[in-house]
Number of protein chains: 2
Amino acid sequence: MELNPTAYVILGMLAWRPMSGYDVKAIADQSTRFFWATSYGQIYPELRRLAAAGLVAAEPQEGGGRGRKAYKLTDDGARVLREWLAQPPRPLEMRDEALLKVFFAGSAPETAVGALEGKRRELEAKLAQLRTLESSGKPTGHTAVVLRYGIELSEWMVAWCEREAKRLREEGAP
Amino acid sequence: MELNPTAYVILGMLAWRPMSGYDVKAIADQSTRFFWATSYGQIYPELRRLAAAGLVAAEPQEGGGRGRKAYKLTDDGARVLREWLAQPPRPLEMRDEALLKVFFAGSAPETAVGALEGKRRELEAKLAQLRTLESSGKPTGHTAVVLRYGIELSEWMVAWCEREAKRLREEGAP
DNA sequence: ATAAACATGTAACATGTTACATGATTAT
DNA sequence: ATAATCATGTAACATGTTACATGTTTAT
(Lines give C-alpha, C1' and ligand atoms only; values in the text may rest on other atoms or scores of the structure.)
Protein backbone atom coordinates (compact mmCIF):
# COMPACT_ATOMS: atom_id res chain seq x y z
CA MET A 1 0.00 0.00 0.00
CA GLU A 2 1.90 3.05 -1.33
CA LEU A 3 0.35 6.31 -0.14
CA ASN A 4 1.48 9.90 -0.44
CA PRO A 5 2.76 11.70 2.66
CA THR A 6 -0.41 13.76 2.99
CA ALA A 7 -2.35 10.51 3.42
CA TYR A 8 -0.13 9.69 6.39
CA VAL A 9 -0.81 13.08 7.94
CA ILE A 10 -4.49 12.14 7.85
CA LEU A 11 -3.93 8.60 9.17
CA GLY A 12 -1.66 9.93 11.89
CA MET A 13 -4.27 12.38 13.14
CA LEU A 14 -7.10 9.87 12.96
CA ALA A 15 -4.97 7.61 15.14
CA TRP A 16 -5.40 10.21 17.90
CA ARG A 17 -9.16 10.38 17.58
CA PRO A 18 -11.90 10.31 14.92
CA MET A 19 -12.25 13.61 13.14
CA SER A 20 -13.44 15.40 10.01
CA GLY A 21 -11.40 16.78 7.11
CA TYR A 22 -12.02 20.21 8.55
CA ASP A 23 -10.48 19.15 11.86
CA VAL A 24 -7.46 17.65 10.12
CA LYS A 25 -6.84 20.94 8.34
CA ALA A 26 -7.30 23.00 11.51
CA ILE A 27 -4.86 20.86 13.48
CA ALA A 28 -2.35 20.66 10.62
CA ASP A 29 -2.36 24.47 10.44
CA GLN A 30 -1.26 24.54 14.08
CA SER A 31 1.31 21.78 13.89
CA THR A 32 2.51 19.83 10.84
CA ARG A 33 2.25 22.90 8.62
CA PHE A 34 5.72 23.93 9.80
CA PHE A 35 7.30 20.87 8.23
CA TRP A 36 4.48 19.50 6.06
CA ALA A 37 1.72 21.80 4.81
CA THR A 38 -1.66 20.61 3.53
CA SER A 39 -4.76 22.15 1.96
CA TYR A 40 -8.44 21.24 1.63
CA GLY A 41 -7.75 20.49 -2.01
CA GLN A 42 -5.65 17.58 -0.85
CA ILE A 43 -7.42 16.52 2.31
CA TYR A 44 -10.96 15.96 1.06
CA PRO A 45 -10.08 13.92 -2.04
CA GLU A 46 -7.52 11.96 -0.02
CA LEU A 47 -10.06 11.10 2.69
CA ARG A 48 -12.31 9.66 -0.02
CA ARG A 49 -9.48 7.57 -1.44
CA LEU A 50 -8.54 6.30 2.01
CA ALA A 51 -12.18 5.41 2.69
CA ALA A 52 -12.38 3.57 -0.66
CA ALA A 53 -9.22 1.67 0.29
CA GLY A 54 -10.74 0.75 3.65
CA LEU A 55 -8.05 2.52 5.69
CA VAL A 56 -10.52 4.96 7.23
CA ALA A 57 -14.27 4.66 7.74
CA ALA A 58 -16.95 7.34 7.98
CA GLU A 59 -18.32 7.42 11.50
CA PRO A 60 -22.08 7.17 11.87
CA GLN A 61 -22.92 10.82 12.44
CA GLU A 62 -24.69 11.36 15.72
CA GLY A 63 -27.36 14.03 16.17
CA GLY A 64 -26.52 17.57 15.23
CA GLY A 65 -23.92 18.08 12.50
CA ARG A 66 -25.64 17.63 9.13
CA GLY A 67 -22.92 18.04 6.56
CA ARG A 68 -20.21 17.00 8.98
CA LYS A 69 -18.46 13.71 8.22
CA ALA A 70 -16.12 12.35 10.85
CA TYR A 71 -13.81 9.50 9.94
CA LYS A 72 -12.09 6.96 12.13
CA LEU A 73 -9.02 4.84 11.49
CA THR A 74 -9.74 1.20 10.63
CA ASP A 75 -7.52 -1.69 11.76
CA ASP A 76 -6.04 -1.79 8.26
CA GLY A 77 -5.39 1.93 8.44
CA ALA A 78 -3.60 1.55 11.77
CA ARG A 79 -1.45 -1.23 10.33
CA VAL A 80 -0.54 0.83 7.24
CA LEU A 81 0.36 3.78 9.47
CA ARG A 82 2.65 1.64 11.64
CA GLU A 83 4.31 0.14 8.56
CA TRP A 84 5.04 3.64 7.26
CA LEU A 85 6.45 4.73 10.62
CA ALA A 86 8.88 1.81 10.59
CA GLN A 87 10.12 2.67 7.07
CA PRO A 88 13.25 4.86 6.67
CA PRO A 89 12.17 8.45 5.95
CA ARG A 90 12.44 9.90 2.42
CA PRO A 91 15.17 12.53 1.98
CA LEU A 92 14.41 16.05 3.12
CA GLU A 93 13.20 18.41 0.41
CA MET A 94 14.01 22.06 0.85
CA ARG A 95 12.89 24.97 -1.31
CA ASP A 96 14.51 28.05 0.15
CA GLU A 97 14.15 31.04 -2.15
CA ALA A 98 16.07 33.32 0.20
CA LEU A 99 19.11 31.07 -0.08
CA LEU A 100 18.73 31.02 -3.85
CA LYS A 101 18.84 34.81 -3.85
CA VAL A 102 21.96 34.96 -1.71
CA PHE A 103 23.53 32.31 -3.96
CA PHE A 104 22.97 34.40 -7.09
CA ALA A 105 23.52 37.78 -5.43
CA GLY A 106 26.67 38.32 -7.45
CA SER A 107 24.44 39.90 -10.13
CA ALA A 108 23.21 42.53 -7.64
CA PRO A 109 25.36 42.36 -4.48
CA GLU A 110 23.41 45.05 -2.66
CA THR A 111 20.38 42.71 -2.54
CA ALA A 112 22.03 39.96 -0.47
CA VAL A 113 21.47 41.63 2.89
CA GLY A 114 17.80 42.19 2.02
CA ALA A 115 17.30 38.50 1.25
CA LEU A 116 18.89 37.59 4.58
CA GLU A 117 16.71 40.07 6.43
CA GLY A 118 13.59 38.84 4.68
CA LYS A 119 14.41 35.32 5.77
CA ARG A 120 15.06 36.46 9.32
CA ARG A 121 11.74 38.34 9.53
CA GLU A 122 9.85 35.30 8.30
CA LEU A 123 11.62 33.12 10.86
CA GLU A 124 10.84 35.52 13.71
CA ALA A 125 7.14 35.38 12.80
CA LYS A 126 7.24 31.59 12.75
CA LEU A 127 9.12 31.55 16.06
CA ALA A 128 6.48 33.71 17.71
CA GLN A 129 3.80 31.20 16.69
CA LEU A 130 5.81 28.22 17.82
CA ARG A 131 6.52 29.81 21.20
CA THR A 132 2.84 30.61 21.71
CA LEU A 133 2.10 26.99 20.90
CA GLU A 134 4.74 25.81 23.36
CA SER A 135 3.49 27.96 26.21
CA SER A 136 -0.04 26.68 25.58
CA GLY A 137 1.28 23.43 27.00
CA LYS A 138 -0.78 21.38 24.54
CA PRO A 139 2.00 19.58 22.68
CA THR A 140 3.30 16.66 24.71
CA GLY A 141 5.27 13.51 23.97
CA HIS A 142 6.61 13.18 20.41
CA THR A 143 4.74 16.22 19.16
CA ALA A 144 6.56 18.33 21.76
CA VAL A 145 9.92 16.94 20.59
CA VAL A 146 9.17 18.14 17.08
CA LEU A 147 7.99 21.51 18.38
CA ARG A 148 11.30 21.98 20.23
CA TYR A 149 13.09 21.13 16.99
CA GLY A 150 11.15 23.85 15.19
CA ILE A 151 11.97 26.41 17.85
CA GLU A 152 15.66 25.60 18.25
CA LEU A 153 16.29 25.27 14.52
CA SER A 154 14.57 28.58 13.83
CA GLU A 155 16.62 30.24 16.55
CA TRP A 156 19.79 28.92 14.98
CA MET A 157 18.73 30.20 11.55
CA VAL A 158 17.83 33.64 12.90
CA ALA A 159 21.26 33.91 14.51
CA TRP A 160 22.93 32.85 11.27
CA CYS A 161 20.99 35.42 9.22
CA GLU A 162 21.97 38.17 11.65
CA ARG A 163 25.61 37.17 11.70
CA GLU A 164 25.94 36.91 7.91
CA ALA A 165 23.99 40.11 7.24
CA LYS A 166 26.33 41.92 9.62
CA ARG A 167 29.39 40.42 7.95
CA LEU A 168 28.17 41.36 4.47
CA ARG A 169 27.40 44.90 5.56
CA GLU A 170 30.84 45.31 7.12
CA GLU A 171 32.98 43.54 4.58
CA GLY A 172 31.07 44.59 1.49
CA ALA A 173 30.98 42.05 -1.32
CA PRO A 174 32.48 38.77 -0.07
CA MET B 1 7.40 39.29 -15.72
CA GLU B 2 6.37 36.52 -13.27
CA LEU B 3 8.61 33.48 -13.57
CA ASN B 4 8.89 30.33 -11.51
CA PRO B 5 11.92 29.86 -9.24
CA THR B 6 13.47 27.30 -11.57
CA ALA B 7 13.60 29.97 -14.26
CA TYR B 8 15.67 32.12 -11.91
CA VAL B 9 18.08 29.27 -11.29
CA ILE B 10 18.67 29.26 -15.04
CA LEU B 11 18.96 33.04 -15.34
CA GLY B 12 21.29 33.15 -12.35
CA MET B 13 23.66 30.62 -13.86
CA LEU B 14 23.59 32.22 -17.31
CA ALA B 15 24.61 35.45 -15.58
CA TRP B 16 27.92 33.74 -14.77
CA ARG B 17 28.58 32.60 -18.30
CA PRO B 18 26.73 31.24 -21.35
CA MET B 19 25.89 27.57 -21.00
CA SER B 20 23.64 24.73 -22.15
CA GLY B 21 20.75 23.09 -20.31
CA TYR B 22 23.05 20.18 -19.65
CA ASP B 23 25.55 22.48 -17.94
CA VAL B 24 22.82 24.10 -15.84
CA LYS B 25 21.77 20.67 -14.60
CA ALA B 26 25.34 19.57 -13.87
CA ILE B 27 26.09 22.72 -11.87
CA ALA B 28 22.74 22.65 -10.05
CA ASP B 29 23.47 19.07 -8.99
CA GLN B 30 26.64 20.33 -7.32
CA SER B 31 25.18 23.43 -5.74
CA THR B 32 21.58 24.65 -5.70
CA ARG B 33 20.25 21.12 -5.42
CA PHE B 34 20.77 21.29 -1.66
CA PHE B 35 18.20 24.06 -1.35
CA TRP B 36 16.52 24.03 -4.75
CA ALA B 37 16.54 20.88 -6.89
CA THR B 38 15.88 20.82 -10.64
CA SER B 39 15.53 18.21 -13.37
CA TYR B 40 15.91 18.08 -17.15
CA GLY B 41 12.14 17.89 -17.35
CA GLN B 42 12.03 21.42 -16.03
CA ILE B 43 15.19 22.91 -17.46
CA TYR B 44 14.76 22.23 -21.17
CA PRO B 45 11.15 23.41 -21.47
CA GLU B 46 11.96 26.42 -19.29
CA LEU B 47 14.94 27.40 -21.46
CA ARG B 48 12.59 27.42 -24.47
CA ARG B 49 10.09 29.62 -22.67
CA LEU B 50 12.81 32.01 -21.56
CA ALA B 51 14.12 32.17 -25.13
CA ALA B 52 10.59 32.85 -26.43
CA ALA B 53 10.27 35.65 -23.87
CA GLY B 54 13.60 37.11 -24.98
CA LEU B 55 15.27 36.68 -21.58
CA VAL B 56 17.89 34.29 -22.93
CA ALA B 57 19.23 33.83 -26.47
CA ALA B 58 20.73 30.77 -28.16
CA GLU B 59 24.40 31.40 -28.82
CA PRO B 60 25.64 30.81 -32.35
CA GLN B 61 27.22 27.37 -31.93
CA GLU B 62 30.87 27.39 -32.87
CA GLY B 63 32.61 24.42 -34.44
CA GLY B 64 32.36 21.05 -32.73
CA GLY B 65 29.23 20.44 -30.66
CA ARG B 66 26.41 19.47 -33.01
CA GLY B 67 23.38 19.02 -30.83
CA ARG B 68 24.71 21.35 -28.18
CA LYS B 69 22.82 24.58 -27.66
CA ALA B 70 24.41 27.18 -25.43
CA TYR B 71 22.30 30.09 -24.24
CA LYS B 72 23.35 33.49 -22.99
CA LEU B 73 21.52 35.99 -20.82
CA THR B 74 20.04 38.96 -22.71
CA ASP B 75 19.89 42.50 -21.26
CA ASP B 76 16.20 41.92 -20.52
CA GLY B 77 17.08 38.66 -18.78
CA ALA B 78 19.68 40.40 -16.64
CA ARG B 79 17.16 43.09 -15.68
CA VAL B 80 14.51 40.49 -14.74
CA LEU B 81 17.07 38.62 -12.65
CA ARG B 82 18.08 41.77 -10.76
CA GLU B 83 14.42 42.66 -10.16
CA TRP B 84 13.82 39.22 -8.67
CA LEU B 85 16.90 39.51 -6.45
CA ALA B 86 15.61 42.80 -5.02
CA GLN B 87 12.19 41.28 -4.20
CA PRO B 88 11.56 39.86 -0.69
CA PRO B 89 11.98 36.06 -0.77
CA ARG B 90 8.93 33.75 -0.68
CA PRO B 91 8.47 31.83 2.58
CA LEU B 92 10.54 28.70 3.10
CA GLU B 93 8.85 25.44 2.17
CA MET B 94 9.90 22.39 4.09
CA ARG B 95 8.82 18.78 3.50
CA ASP B 96 10.53 16.74 6.16
CA GLU B 97 9.15 13.21 6.31
CA ALA B 98 11.44 12.22 9.17
CA LEU B 99 9.91 14.94 11.34
CA LEU B 100 6.44 13.79 10.32
CA LYS B 101 7.31 10.30 11.54
CA VAL B 102 8.60 11.52 14.87
CA PHE B 103 5.48 13.68 15.21
CA PHE B 104 3.16 10.70 14.74
CA ALA B 105 5.39 8.18 16.52
CA GLY B 106 2.83 7.83 19.31
CA SER B 107 1.24 5.05 17.21
CA ALA B 108 4.51 3.05 17.25
CA PRO B 109 6.91 4.63 19.76
CA GLU B 110 9.75 2.21 19.00
CA THR B 111 10.03 3.72 15.49
CA ALA B 112 10.92 7.25 16.61
CA VAL B 113 14.62 6.55 17.13
CA GLY B 114 14.82 4.92 13.70
CA ALA B 115 13.34 8.01 12.01
CA LEU B 116 15.87 10.19 13.81
CA GLU B 117 18.73 7.93 12.80
CA GLY B 118 17.54 7.83 9.19
CA LYS B 119 17.55 11.61 9.14
CA ARG B 120 21.00 11.73 10.69
CA ARG B 121 22.45 9.29 8.15
CA GLU B 122 21.02 11.30 5.27
CA LEU B 123 22.50 14.47 6.73
CA GLU B 124 25.93 12.89 7.17
CA ALA B 125 25.93 11.89 3.50
CA LYS B 126 24.98 15.41 2.49
CA LEU B 127 27.62 16.85 4.81
CA ALA B 128 30.32 14.72 3.22
CA GLN B 129 29.42 16.11 -0.21
CA LEU B 130 29.29 19.68 1.02
CA ARG B 131 32.68 19.35 2.71
CA THR B 132 34.24 17.90 -0.42
CA LEU B 133 32.81 20.84 -2.31
CA GLU B 134 34.21 23.27 0.24
CA SER B 135 37.70 21.81 0.17
CA SER B 136 37.66 21.98 -3.64
CA GLY B 137 37.93 25.72 -3.09
CA LYS B 138 35.64 26.43 -6.05
CA PRO B 139 32.78 28.20 -4.27
CA THR B 140 33.71 31.81 -3.54
CA GLY B 141 31.79 34.96 -2.72
CA HIS B 142 28.06 34.57 -2.17
CA THR B 143 28.03 30.93 -3.24
CA ALA B 144 30.53 30.16 -0.48
CA VAL B 145 28.30 31.90 2.07
CA VAL B 146 25.44 29.59 1.13
CA LEU B 147 27.74 26.57 1.23
CA ARG B 148 28.80 27.46 4.79
CA TYR B 149 25.11 27.73 5.68
CA GLY B 150 24.53 24.21 4.34
CA ILE B 151 27.42 22.80 6.30
CA GLU B 152 26.73 24.53 9.61
CA LEU B 153 22.99 23.91 9.47
CA SER B 154 23.52 20.23 8.70
CA GLU B 155 25.98 19.95 11.58
CA TRP B 156 23.42 21.47 13.91
CA MET B 157 20.75 19.05 12.70
CA VAL B 158 23.04 16.04 13.08
CA ALA B 159 23.80 17.06 16.67
CA TRP B 160 20.09 17.48 17.38
CA CYS B 161 19.23 14.05 15.95
CA GLU B 162 21.94 12.44 18.08
CA ARG B 163 20.87 14.24 21.23
CA GLU B 164 17.16 13.43 20.83
CA ALA B 165 17.74 9.81 19.81
CA LYS B 166 19.84 9.39 22.95
CA ARG B 167 17.17 11.01 25.10
CA LEU B 168 14.42 8.82 23.63
CA ARG B 169 16.48 5.68 24.13
CA GLU B 170 17.20 6.54 27.75
CA GLU B 171 13.88 7.96 28.81
CA GLY B 172 11.69 5.63 26.79
CA ALA B 173 8.46 7.15 25.51
CA PRO B 174 8.53 10.90 26.17
C1' DA C 1 34.75 -1.47 -31.90
C1' DT C 2 32.74 -0.03 -27.82
C1' DA C 3 31.85 2.10 -23.62
C1' DA C 4 31.37 6.36 -21.21
C1' DA C 5 30.08 10.80 -21.12
C1' DC C 6 27.82 14.48 -23.45
C1' DA C 7 23.47 16.30 -24.87
C1' DT C 8 18.44 17.21 -25.84
C1' DG C 9 13.96 16.38 -25.38
C1' DT C 10 9.00 14.54 -24.20
C1' DA C 11 5.08 12.12 -22.02
C1' DA C 12 2.93 10.34 -18.13
C1' DC C 13 2.34 10.98 -13.73
C1' DA C 14 2.28 12.86 -8.92
C1' DT C 15 1.70 16.45 -5.98
C1' DG C 16 0.16 20.62 -4.38
C1' DT C 17 -2.10 25.56 -4.40
C1' DT C 18 -5.72 28.82 -5.19
C1' DA C 19 -9.94 30.36 -6.03
C1' DC C 20 -14.45 29.47 -6.18
C1' DA C 21 -19.13 27.54 -4.97
C1' DT C 22 -22.20 26.07 -1.54
C1' DG C 23 -24.65 25.55 2.57
C1' DA C 24 -25.40 24.71 7.94
C1' DT C 25 -24.84 26.16 12.68
C1' DT C 26 -23.94 29.28 16.37
C1' DA C 27 -23.36 33.51 18.72
C1' DT C 28 -24.62 38.49 18.91
C1' DA D 1 -31.33 39.40 11.20
C1' DT D 2 -26.74 38.84 10.42
C1' DA D 3 -22.07 37.88 10.88
C1' DA D 4 -18.74 34.48 12.06
C1' DT D 5 -17.45 30.02 12.00
C1' DC D 6 -18.03 25.41 10.77
C1' DA D 7 -17.94 22.40 6.94
C1' DT D 8 -17.44 20.07 2.29
C1' DG D 9 -16.10 19.97 -2.09
C1' DT D 10 -14.25 20.88 -7.08
C1' DA D 11 -11.82 22.88 -11.10
C1' DA D 12 -8.06 25.16 -12.99
C1' DC D 13 -3.63 25.71 -12.62
C1' DA D 14 1.36 25.36 -11.32
C1' DT D 15 5.11 22.75 -10.32
C1' DG D 16 7.99 19.00 -10.26
C1' DT D 17 9.67 13.87 -10.97
C1' DT D 18 10.55 9.76 -13.56
C1' DA D 19 11.15 7.06 -17.23
C1' DC D 20 11.89 6.80 -21.76
C1' DA D 21 13.68 7.84 -26.52
C1' DT D 22 17.33 9.44 -29.25
C1' DG D 23 21.67 10.67 -31.05
C1' DT D 24 26.86 12.55 -30.77
C1' DT D 25 31.55 12.82 -29.24
C1' DT D 26 35.56 11.22 -26.93
C1' DA D 27 38.56 8.11 -24.80
C1' DT D 28 40.19 3.26 -24.56
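In what follows, chains are A, B, ... by sequence order, proteins preceding strands, each numbered from 1.
- Proximity of residues 37-45 of chain B to DNA chain C (heavy atom under 4.0 angstrom from any strand atom) is restricted to B/Y40, B/G41, B/Y44.
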Protein N or O to nucleotides 12-14 of chain C N or O, pairs below 3.5 Å:
none

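- Take B/Y22 and apply the ring-ring contact (aromatic ring centres under 6.0 Å, His included) test, not counting sequence neighbours, and it matches no residue.
- Using a 4.5 Å heavy-atom cutoff, the side chains of A/L153 and B/W160 are not in contact.
- Residues from residues 8-34 of chain A that place a heavy atom under 4.0 Å from any atom of DNA chain D, listed by number: A/S20, A/G21, A/Y22, A/D23.
- Applying the salt bridge (Lys or Arg N to Asp or Glu O under 4.0 Å) rule to B/E97 yields the partners B/K101; only residues at least two apart in sequence or on another chain are considered.
- Residue pairs meeting the ring-ring contact (aromatic ring centres under 6.0 Å, His included) criterion with at least one partner in residues 96-135 of chain B, sequence neighbours excluded, are A/W16-B/F103, A/W16-B/F104, A/F35-B/F103.
- Take B/R48 and apply the side chain to side chain donor-acceptor pair (under 3.5 Å) test, not counting sequence neighbours, and it matches no residue.
- Remark: A/T6 pairs with A/N4, A/W36, A/T38, A/Q42 by the side chain to side chain contact (heavy atoms under 4.5 Å, CB included) rule, at least two apart or across chains.
- With sequence neighbours excluded, no residue forms a side chain to side chain donor-acceptor pair (under 3.5 Å) with B/E162.
- The side chain to side chain donor-acceptor pair (under 3.5 Å) check on B/K25 picks up B/D29, with sequence neighbours excluded.
- Listed by chain and residue number, B/E122 satisfy the side chain to side chain contact (heavy atoms under 4.5 Å, CB included) test with A/P91 (two or more places apart in sequence, or in another chain).
- Checked against side chain to side chain donor-acceptor pair (under 3.5 Å), A/E117 has the following partners two or more places apart in sequence or in another chain: A/R169.
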